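Taking it in order: structure first as structure tokens, then the write-up.
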Amino acid sequence: MLVKLISGDTPRSRLLSLIVLLIGLALLFAPFLFPGIKSLDTAARIAIFIVLVASYDLLLGYTGIVSFAHTMFYGIGAYGTALALDAWGPSFWAMGLGTLLGALVAAVLALLIGLFSLRVRAIFFAMVTLAIASAFAVLVSQLSAFTGGEDGLTYRIPRELTPAFRLMKDRILDVSLNGRLVAYYLIFFASLILFLVLLRIVNSPFGTTLKAVRDNPFRAEAIGYRVVWYRTGATVLSAVVAALAGSLLAIWLRYTGPATTLSMEIMIDILLMVVIGGMGTMYGAVVGATIFILAQTYLQDLMGIASKATAGIPLLSELIAPERWLLWLGVLFILSVYFFPTGIVGRLRGEAK
Amino acid sequence: MAEALLTLDGVHTHIGPYHILHGVDLAVPAGGVAMLLGRNGAGKTTTLRTIMGLWKASAGTIRFHGRDIAGLDTPAIAKLGISFVPEDMGIFTDLTVQENMTLAARSGAPDRKRLDWICDLFPPLRTFWHSPAGTLSGGQKQMLSVARAIIEPRELILIDEPTKGLAPAIIKAMTAALRQLKETDTTILLVEQNFSMARALGDTVAVMDDGHIIHEGDMADLSADASLQERLMGLSLEAHQ
Amino acid sequence: MSDDRIRPRFDELSFSQRLGEHAPLLLAPVLAALGLIAIGDPTTWLTLTVAGLAMGLMIFIMASGLTIVFGLMDVINFGHGAFVAVGAFVGVTVLGVLSGWTGTPDIVMNISAILLAILAAMIATGAMGWLFERVIVMPVYGFHLKQILVTMGGLIVTEQMIHVIWGPDALHIARPETLRGSVVVFGAAIEKYRILAVAIGLILFFAMRHILRSTRIGLLVRAGVENGEMVEALGYRIKALFLWVFVAGSALAGLGGVMWGLYQETITAQMGSEIMVLVFVVVIIGGLGSVEGCFIGALLVGLLSNYAAFLVPKVALVSTIALMVAVLMWRPQGLYPVVKAK
């Protein structure tokens with residue numbers, strides 16, 4: 001039955017199954033296993049990024065399309081929910097409607113971009129998406145009256161999701177059962193469902209055709225599959241899931257701004273996660289997102305200690321300064337593309353490409 | 001008979017997963033025109049491209065003046081004195097006719113006398129000398145492609161189907177030009193489907209099928225033997241006058 | 001005189017076809033004219049137009065390397081912005097060392113300082129380009145997806161290394177004495193530095209054009225862009241040419257970086273990636289592989305950005321994207337697409 005739930009896409013490696021299971025359980029019981037604001041926040045981010053990166057994997061790994069507009073859709077979802085909550089007050093109704101609208105706008109935009117650009121070469125498409133996403137980010141910053149500009153939007157979410165709300169008087173395992181917990185589980189289960197939906201998609205006939213289109217578009221077209229429609233479909237699906245992930249972020253942070261959703265840095269982070277984790281595997285997103293966010297949150301502390309310890313040696317200290325963690329991730333990224341083209345997941349599965 | 005100028009010995013070529021040449025044995029004598037005939041898909045173009053180094057032979061040797069060139073890269077092979085007129089002509093459409101010819105003349109500017117001779121063979125080149133090569137018609141492009149290959153004296157010229165899709169009048173001009181070329185010291189390895197042209201020009205002939213040579217010999221002998229033609233190529237000369 | 005415009009294969013061109021072919025050349029003047037109508041005041045228009053030309057030419061310098069490399073080698077370098085940033089930082093360092101030269105009101109000294117900074121930047125980015133090509137790019141020839149990823153990785157690493165070497169803060173560049181401020185030309189205030197930028201940009205454009213049209217190397221590059229295999233069959237080692245073209249493209253990016261840095265007067269490690277969006281737009285508009293297209297695209301983007309910034313400030317970047325979309329509607333492969341043999 002479990003196999004059916006994951007649409008038959010098993011990890012195919014003992015070690016990978018173990019890792020994925022551990023991550024899943026850790027996230028499920030995070031509030032109890034890792035009490036504290038920072039760790040809960042990290043767990044929520046991991047859940048959201050797993051969905052975001054998996055939706056990107058759908059596009060990059062399964063359909064073979066490089067797009068730099070993914071953070072744009074992420075942002076559209078986040079801003080949709082944020083603007084709704086900001087305009088119509090902290091109700092579930094507003095939250096739901098905003099999320100829906102965000103996903104809809106993302107879908108329409110993805111459709112337009114897909115139909116327009118997917119007839120051109122891959123390189124062109126990549127550059128065009130980069131340009132459009134940048135323009136969007138600038139636009140959002142500029143229309144500050146509407147979007148809060150550079151400062152972003154802060155808003156209230158339904159009371160049931162805030163710490164002020166008490167589910168039960170008692171505590172379980174010394175953790176108070178408040179709205180924050182409810183919010184966390186909303187994020188967790190929504191992420192889980194979205195991930196399972198993605199697994200369903202890539203293991204359906206649609207997903208199989210996507211892979212065929214990725215590997216040999218000429219042949220796919222010759223056999224009778226309209227390549228443009230499949231690519232557009234993948235773009236739209238990927239955009240919608242990204243938008244939903246954005247909505248989840250908006251709910252969790254109770255804040256949305258260009259820096260949290262639209263920045264180029266996040267786009268690069270997504271690329272790093274999907275490549276290091278393993279393209280075209282979905283589980284790569286799980287592994288990649290977890291490693292990346294843990295590194296982002298905790299590795300920097302480690303590097304800080306190491307950097308202070310080596311303060312005497314000028315260049316070395318600079319190289320391992322905590323702000324330079326991206327340097328090492330960049331190196332890891334390049335090495336991954338060369339030596340682990342199938343990512344960590346591919347390695348674990350024993351696949352050589 | 002003198003040792004052949006070019007000898008292929010057991011040459012195999014793979015393109016990706018496809019095994020195209022299955023042990024090609026071919027000897028091209030110096031001087032004169034060697035025809036390479038065969039139906040579509042027999043491997044004629046692949047043979048030429050393999051000789052030129054554009055595709056690497058996976059097995060076998062290719063000897064030019066006794067030296068194995070199978071492992072060399074294309075520029076090195078070209079510098080040994082082998083030039084190539086590909087099936088798609090390889091014209092640089094953005095460059096003018098003049099610039100195409102300048103590029104082909106590796107030692108600098110084209111030799112004046114030789115250029116005049118070539119332009120007499122192919123008058124349109126003179127007319128369109130300063131026009132971008134992309135504006136030429138198919139036949140004119142073919143002329144340019146051949147002209148490029150002979151602007152400097154070469155020992156061996158590989159020509160791949162120079163009359164494909166051309167009007168009969170142009171085929172006549174091309175045949176006449178190649179006949180004149182024959183008079184010089186150049187050896188030509190010519191792939192053709194047009195058998196009457198082949199018969200007119202060829203001194204020796206090799207027939208390919210399924211990636212290897214099924215017949216090698218003198219053109220005179222093949223022309224005279226209708227039943228052999230029938231067997232090799234499913235046609236007889238009489239039927240295709 | 002040979003006509004070296006890239007064009008589709010026609011045996012004869014009708015008048016309307018000929019007009020259509022030359023249309024791209026008219027785009028920039030038409031845009032300038034529209035700008036004049038929209039802005040109204042001629043002196044303001046003149047200031048903005050010069051600013052637009054300066055910006056456009058600097059973008060052209062940065063973009064030309066990218067488009068030739070792609071046309072010739074079929075390699076896309078998403079890390080091109082790294083060379084821009086490194087060029088700017090090296091340039092700033094050199095100018096800092098030559099502060100004596102930049103501080104004096106002697107125009108010859110000032111320009112010499114800038115030229116030295118440019119030279120240093122070009123050597124640094126050229127060397128970096130050599131390394132980049134051999135180490136990062138060569139292993140992934142022919143694999144576009146991997147190229148995009150790997151060169152992006154290179155961009156990240158380079159930006160971080162800039163932080164390591166030059167620190168985390170933005171650096172300020174002061175323009176040399178004689179190039180500060182503006183002159184009044186026909187009643188319009190025009191920044192002196194921009195005039196220099198336009199001059200350098202035009203010199204470079206004509207130099208590149210000359211090399212491409214009239215030298216053997218240029219011939220090889222133009223032929224190689226179309227059909228590298230045939231160039232090899234004619235006896236030329238085109239792979240060696242690849243490396244030098246990549247190095248040249250990187251050096252040009254470095255030059256652009258110095259010029260752009262002096263234009264902005266502030267430089268950050270991210271400036272490369274920031275300008276890459278405009279560079280990509282220009283390359284897309286011009287057509288991958290075409291220097292002329294790149295030039296026209298750059299002028300259009302420069303002019304439009306400045307006009308829009310004046311008329312409707314909030315939509316400057318969006319207007320550039322809209323321009324790109326409009327051009328792609330008209331010519332889906334850009335203004336002068338290279339018709340590849342394969």
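Note that the structure is predicted; figures quoted are calculated from it, not measured. A, B, ... follow the sequence lines: proteins, then strands. Residue 1 opens every chain.
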Are more than 12 heavy atoms, taken from residues, nucleotides or ligands other than [X], located less than 6.0 Å from that residue's [atom1] atom?
X: C/Q333; atom1: CD; result: no
X: B/D185; atom1: CG; result: no
X: C/I217; atom1: CD1; result: no
X: C/K239; atom1: NZ; result: no

Gap between atom [atom2] of [Y] and atom [atom1] of [X] - 0.5 Å precision:
X: B/F92; Y: C/L220; atom1: CZ; atom2: CG; answer: 8.5 Å
X: B/D73; Y: C/I238; atom1: CG; atom2: CD1; answer: 12.5 Å
X: B/F84; Y: C/E232; atom1: CZ; atom2: CD; answer: 12.5 Å
X: C/M230; Y: B/R148; atom1: CE; atom2: CZ; answer: 4.5 Å
X: C/N227; Y: B/L95; atom1: CG; atom2: CG; answer: 11.5 Å
X: B/I151; Y: C/L234; atom1: CD1; atom2: CG; answer: 12.0 Å

Less than 4.5 Å apart, side chain to side chain, heavy atoms only: is that true for B/R49 and C/E229?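 B/R49 vs C/E229: side chains touch.
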Stepwise salt bridge (charged side-chain N to carboxylate O under 4.0 Å, His left out) test for C/R222 and B/E99: CA-CA 10 Å; C/R222 281 164 53 211; B/E99 288 173 328; 3.0 Å; yes
Provide the closest heavy-atom pair for [X] versus [Y] in the form atom of the first, atom of the second, distance.
X: B/D94; Y: C/E226; answer: N-OE2, 2.6 Å
X: C/R216; Y: B/L103; answer: NH1-O, 4.1 Å
X: B/A78; Y: C/A233; answer: CB-O, 3.3 Å

Examine whether an atom of B/A133 lies under 4.5 Å from a heavy atom of chain C, and if so say whether it belongs to the side chain, the backbone or both; otherwise answer neither.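 Interface part for B/A133: neither.
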Between chain C and each of B/V97, B/L80, B/I77, B/T102, count heavy-atom pairs under 4.5 Å; write down the option with the most.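 With the most close heavy-atom pairs to chain C, the winner is B/T102.
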Looking at residues at least two apart in the chain, or sitting in another chain, which of them share a salt bridge (Lys or Arg N to Asp or Glu O under 4.0 Å) with B/K172?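 Per chain and number, B/K172 pairs via salt bridge (Lys or Arg N to Asp or Glu O under 4.0 Å) with no residue.
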Could you give the side-chain donor-acceptor pairs of residues 152-162 of chain B under 3.5 Å, partners two or more places apart or in another chain?
unit_1, atom_1, unit_2, atom_2, d
B/E152, OE1, B/R106, N, 3.3
B/E152, OE1, B/R154, NH1, 3.4
B/E152, OE1, B/R154, NH2, 3.1
B/E152, OE2, B/R106, N, 3.1
B/E152, OE2, B/S107, N, 2.9
B/E152, OE2, B/S107, OG, 2.5
B/E155, OE1, B/H65, NE2, 2.6
B/E155, OE2, B/H65, NE2, 2.9
B/D160, OD2, B/T45, OG1, 2.9

